[in-house]
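Worksheet for the structure shown next.
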Amino acid sequence: MGRSLGCGRSLVGRDLQVRQSVPTGSLAEEDLHLVLHLLPRERLFERVRVGEGAFPCWALVPGRTVGSDLESFHIEQENILNSLESLNSIASSDRLVDELKLREMDNAQLRTRILQLEKDRLDKVPFDAAKEITRLNNNLIQLEKARDELTVQNFALKSRLSEVTSKIHDPAATYQINRDSLNPRDTEKLKNGDHEKLKNGDHDKLKNGDDPDVVKIPRKATYKVPNETVKLRMLSTEFSNKEEEYRRRISDLEIEVKNLQNEGSRQQAQAVRQLEERLERSTQLVEAGKKCLAAKEEEYNMLKLDLETLNQENKRLKETLNDLILRQKEVEGVVVQKGVLEERLTRLQEETRVLAEDFNRERVLRKKYYNLVEEMKGKIRVFCRIRPVSESEGKKGGQVVVSAEDQFTLTHNTQRGVKSFLFDRVFQPYEDQDAVFEDTNALIQSAVDGFNVTIMAYGQTGSGKTYTMLGSEAQPGIAPRAFRRLFHLIDKGRARCDVQVSAYMMELYNDKLIDLLKPMGRVENERLDIKRDKKGSVHVQGATVRTVSSAEELSRAFQDGLTNRHTASTNMNVESSRSHLLIVICLTATSKQTGSVMKGKLTLVDLAGSERVSKSGASAEQLREANSINKSLSALGDVISALSSESSFVPYRNSKLTMLLHDSLGGNAKTLVFVNVSPTAYNSDETLVSLMYASRIKQITNNISKNADNKEISRLKAIISKLKKGEDIDEASP
Ligand SMILES: Nc1ncnc2c1ncn2[C@@H]1O[C@H](COP(=O)(O)OP(=O)(O)OP(=O)(O)O)[C@@H](O)[C@H]1O
């Protein structure tokens, strides 16, 4: 069944009609229809299904019938030549060469790609895949070898075609050659029209031209060039076969290459997938690694900061360590010094202990000598103080009749001769208040130590009693000095004991007690009774007692009392000198160690003037005052005399004065009486009375024993002086 393919084209001015071709396998046996056609090169190898087979386009039969004459033969021959040229062109297979080159290039690229993949795979893919790729590579190499062989064969065919073509170009020669070369039997066959190979039916068809699928070949030409035609047909057939084989091989190669490509692509894709998976895993790992790295970097930065901090801390610690080392060395030095100092301290403590023992021993010794001195001095001591000649006495002559031979002896040049008087101490007119208090303040210590101490001044009016006891602002007397001394001693012993101090002041005028510390506005003439408790301590019931805690407070109380005394004296139109003044300071000492309570009392008395009434020419009131004064002074003298003579009876109750001084005279009390005298002759009689009074008090006579006592007192004083200076004493020395 014929079929127009519609692919005809102009060829040397003729149209060619494409007809159905016969299977190539039968072309060798039947008349070969030379098919010449020019198709686009790219379509030459397209297969066209015809009947049950498929044939290449180039094998199709042209539709135009060729003439039988030679011209037609030539024309046909020319066509054949053209076709052969075309075939030669085809056989030269530039296209195939190009395609092969392209394939080769592709193969080379594929090989390069495969090698690259293989290299990557060797690095990354499993070993089995590498084997497979190697195997494929080997197959590819074999295929390439086969292709090369085919190329060689192709070139061989091409050379043979060239040979044939050259023969065809010389028809006559070719013809002759062909005839010469033809088998005589074939030649005969052709001459006789014995076409054995041709079937009758086919002959008929050829003759009649009934079969359109059969190429009508001019019989004349067939007969003229049968051998050439056969050869050409054979060559054509061979060429076709080779071409077909090449095409098949090329197709196989293409398939193989495609398979290889696919396999390579598949493996490549697989490798790519694996690589992508690995890449993804690696990416994940990298991401995780990055996170980890970021965390590590953060941790590193933190650690870096910590390290810097630690370095700084380390540096600071090193500095501290160095400082500590230096300090340790200093401490070691200090420890050494401490050891030295401790040794020194131990030595000093030992020395202190020894000194303390010495001190205590000396203190005991001092107390022993002091008490011994005090004992030897007697419980009642009498000091005589000669005042300077006053201005009025000077005007009256100012003859001095009283003088001191030494510290203990006073001589009085009287009208009945010179009389000597011994005292515990005689103060010259030039001796000031300091000197007087120097020998007095020991009694202040006795008051702090729990003794009842009485210091009083006796003498005629104007003899210096008030000056001695109270003094002036510029020349303070015993009282203000005693106040300061008292609190000085209290403060000094405050570590050992607390001392409560209270005071009251009384004035005794005409045997009447006046409370000098009474607050202003208090009822006048309130009864004041002199009382003694079971222990014998005297107190004045109803008197104002002022508690003081310092010398200043005590001085203020004292000044208040003096002010009240002046006011009272003015109100009564009485001279203050006509009354006795008593300042009583009560001390209550509580030991901090034992809690024991010790009471002492310091009584300071400025007695009224002891004047003779006749001399004063006094009035009745004055006489009454004088009698009262004398009576009280006499009672005092009697008491002191009784105490001095250690009489069994002491007449305390003869006067309020002695009643007030009951616990301050006698017993363990210590009494100091100042006898103040005027040095001049004008007061010689009163001076003598005072001296006689003092002698009566102390019964001091100018006898040996008393002198011996006084010498002993002087020796003891020297010892005390040495003790004060820290000098050694020798008790055996006289
Ligand atoms: N030792 C003395 N040194 C200097 N002046 C003194 C001394 N003694 C007394 N006088 C002076 O003598 C005068 C009389 O003294 P004072 O008033 O003390 O005597 P009196 O005995 O207290 O008299 P009265 O009994 O009247 O009170 C005063 O001016 C006083 O300053």
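We count ligands from 1, going down the list as the structure has it; atoms in each ligand are counted the same way. This one's a predicted model, so the numbers in the text were calculated from it and none came from an experiment. Computed over heavy atoms, backbone and side chain alike; hydrogens, waters and symmetry mates excluded.
- Taking only nitrogen or oxygen atoms, main chain and side chain alike, D606 does not reach within less than 3.5 Å of ligand 1.
- Look at S390 and you'll find every heavy atom at least 4.0 Å from all atoms of ligand 1.
- Checking only distances, G462 does come within under 3.5 Å of ligand 1, N or O to N or O.
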Considering only distance and modelled atom types, tabulate donor-acceptor pairs under 3.5 Å from the side chains of residues 341-349, sequence neighbours left out.
residue : atom : partner : partner atom : Å
E342    : OE2  : K338    : NZ           : 3.4
T346    : OG1  : E342    : O            : 2.6

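- For the ring pair (Phe, Tyr, Trp, His ring centres under 6.0 Å) condition, the pairs that include at least one residue of residues 544-563, sequence neighbours left out, are F483-F558.
- When each of R381, R425, R481 is paired with D439, the salt bridge (Lys or Arg N to Asp or Glu O under 4.0 Å) condition holds for R425 and for no other.
- Assignment of Q475 to the shell around ligand 1 is not supported, since no heavy atom sits closer than 4.0 Å.
- Residues R387 and E431 are not paired through a salt bridge, judged by the lack of any N-O separation under 4.0 Å between the basic side chain and the carboxylate.
- Residue nearest to atom 8 (N) of ligand 1, selected from Q428, R578, R387, E391: R387 (by heavy-atom distance).
- Ligand 1 lies out of reach of G459, whose nearest heavy atom is not under 4.0 Å from it.
- When only interatomic distances are considered, the shortest N/O to N/O separation between A608 and ligand 1 does not fall below 3.5 Å.
- Only backbone heavy atoms of Q460 (N, CA, C or O) come within less than 4.0 Å of ligand 1; its side chain stays farther off.
- Between D560 and R546, at least one side-chain nitrogen of the basic residue sits less than 4.0 Å from a carboxylate oxygen of the acidic one, meeting the salt-bridge criterion.
- Ring centroids of F427 and F383 are separated by less than 6.0 Å, placing the two rings close together.
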